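Keep in mind the model is a prediction, meaning the values are calculated, not measured.
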Amino acid sequence: MLKRLKEDIRTVMERDPAARSTFEVLTNYPGLHALLLHRAAHKIWKSGFCWLGRSLSTFSRWLTGVEIHPGASIGRRFFIDHGMGVVIGETAIIHDDVTLYHGVTLGGTSPNRGKKHPSNQGKRHPTLMRGVVVGAGAKVLGPFVVGANAKIGSNSVVVREVPEGATVVGIPGRIVKKREEVDSRRQKMAEKIGFDAYAVTEDMPDPTANAISVMLDHMQAVDGRIEALCSTLRELGLDCGDKQLPELREEDFASVKSDTEDEAFSTP
């Protein structure tokens with residue numbers, strides 16, 4: 001038990017830069033307190049003393065602000081940062097090295113109670129595989145699997161299975177992918193119309209930003225084809241109507257750029 005406690009404290013020290021000492025972690029981290037109380041409640045619950053296990057989990061909620069049903073199964077090196085408002089349902093399964101931030105809900109969508117004995121309970125809540133990180137305020141609802149090393153963005157609502165290593169954002173949650181390369185001309189166009197002001201990282205956009213990105217890629221590809229076509233026509237001695245395309249001027253997007261910058265900087 002002491003070895004497990006040392007591992008839990010080391011996990012907090014590694015994942016929270018605000019943690020300064022073992023004593024501070026032991027006395028001031030409600031996520032750790034909730035985890036320790038859950039282990040006791042889970043053992044009581046599995047032994048068939050359901051009311052007593054549930055009562056201990058209720059006391060833990062009152063003390064820490066974290067509600068973990070005693071039937072939930074939690075692995076090693078589990079870390080709840082801040083803790084307040086975290087809810088983990090009865091049939092949730094959490095594997096090793098998982099991190100949850102405050103306000104996370106691992107909930108169910110089915111009203112089916114299953115059989116009364118806890119070991120035979122119907123699966124209603126999600127399974128989080130090794131290394132999953134769930135951002136603040138996110139809701140993961142249903143009896144599906146979130147794959148190893150997946151990341152769920154803050155305030156996302158996830159209602160379907162998440163592949164291994166994926167990142168999910170939005171309501172409902174959508175998988176976003178990293179862009180391997182960004183064309184320099186497309187990037188200049190994006191900067192001119194204020195795309196970067198959406199406060200979205202270039203390598204991991206949200207779904208809306210990704211849709212804009214796809215449009216910019218398409219515009220750049222069309223522009224390239226037109227240039228190639230005109231060049232071929234000129235070589236054949238034909239007139240391609242050398243009329244310049246309208247220039248994208250920064251002042252035309254000034255108001256949009258200003259609004260999106262204000263929104264980005266107002267985000268906590």
Side-chain angles (χ1 to χ4, degrees), residues 8 11-12 15-16 28-46 49-114 116 118-119 121-147 150-162 168-173 268:
D8 294 331
T11 297
V12 175
R15 299 188 203 175
D16 186 1
N28 292 293
Y29 274 71
L32 176 62
H33 302 157
L35 178 59
L36 297 177
L37 287 169
H38 168 73
R39 286 183 184 148
H42 184 66
K43 286 182 180 179
I44 294 170
W45 176 269
K46 296 293 284 185
F49 299 100
C50 298
W51 180 88
L52 187 57
R54 193 65 188 270
S55 296
L56 182 55
S57 72
T58 299
F59 170 74
S60 176
R61 179 181 64 177
W62 172 82
L63 181 68
T64 66
V66 178
E67 180 173 347
I68 308 176
H69 194 285
S73 177
I74 297 178
R76 304 180 68 145
R77 296 177 297 280
F78 176 55
F79 177 49
I80 303 176
D81 197 9
H82 298 293
M84 183 61 68
V86 168
V87 176
I88 300 175
E90 179 180 6
T91 62
I93 299 174
I94 299 174
H95 289 257
D96 298 342
D97 302 305
V98 169
T99 300
L100 304 185
Y101 288 85
H102 58 279
V104 168
T105 298
L106 304 183
T109 56
S110 170
N112 179 27
R113 294 185 179 183
K116 289 187 177 180
S119 63
Q121 191 68 262
K123 189 78 167 72
R124 307 188 311 277
H125 302 90
T127 296
L128 274 54
M129 302 304 290
R130 178 186 290 269
V132 169
V133 177
V134 185
K139 315 301 176 189
V140 186
L141 309 174
F144 53 84
V145 175
V146 178
K151 294 180 176 61
I152 297 175
S154 297
N155 295 316
S156 301
V157 178
V158 183
V159 293
R160 63 182 64 180
E161 187 164 333
V162 178
V168 177
V169 298
I171 304 174

Residues passing the side chain to side chain contact (heavy atoms under 4.5 Å, CB included) test with Arg130, sequence neighbours excluded, are Arg77, Asp96, Asp97
Can you name the residues that form a side chain to side chain contact (heavy atoms under 4.5 Å, CB included) with Ser57, not counting sequence neighbours? Arg54, Pro70
Give, for atom [atom1] of [X] and atom [atom2] of [Y], the distance between the pair rounded to the nearest 0.5 Å.
| X | Y | atom1 | atom2 | result |
| --- | --- | --- | --- | --- |
| Ile152 | Tyr101 | CD1 | OH | 13.0 Å |
| Leu128 | Phe78 | CG | CZ | 8.0 Å |
| His82 | Tyr29 | NE2 | OH | 8.0 Å |
| Ser73 | Ile94 | OG | CD1 | 8.5 Å |
| Leu100 | Thr105 | CG | OG1 | 10.0 Å |

Within the side chain of [X], is there an N or O that forms a donor-acceptor pair under 3.5 Å with the backbone of [Y]?
| X | Y | result |
| --- | --- | --- |
| Ser154 | Gly135 | no |
| His69 | Gly71 | yes |
| Ser60 | Leu56 | no |

Atom CZ of Arg160: over 12 foreign heavy atoms under 6.0 Å: no
Taking everything shown except Phe49 itself, do over 12 heavy atoms lie less than 6.0 Å from its CZ? no
How close do [X] and [Y] get, heavy atom to heavy atom, and via which atoms?
| X | Y | answer |
| --- | --- | --- |
| Ala72 | Ile88 | CB-CG2, 3.9 Å |
| His102 | Val86 | CA-CG2, 4.1 Å |
| Ala41 | Gly53 | CB-O, 3.6 Å |
| Val134 | Ala138 | CG1-CB, 3.6 Å |
| Val66 | Gly83 | CG2-O, 3.2 Å |

Check whether any side-chain heavy atom of [X] lies under 4.5 Å from a side-chain heavy atom of [Y], and answer yes or no.
| X | Y | result |
| --- | --- | --- |
| Val169 | Ser156 | yes |
| Phe79 | Asp16 | yes |
| Leu63 | Leu37 | yes |
| Val132 | Val162 | no |
| Asp8 | Arg39 | yes |
| Lys123 | Ile93 | yes |
| Val145 | Met129 | yes |
| Ile68 | Ile74 | yes |

With side chain to side chain contact (heavy atoms under 4.5 Å, CB included) as the criterion, how do Val158 and Phe144 come out once you've worked through the C-alpha distance, each side chain's angles and the decisive distance to 0.1 Å? CA-CA 10 Å; Val158 183; Phe144 53 84; 3.9 Å; yes
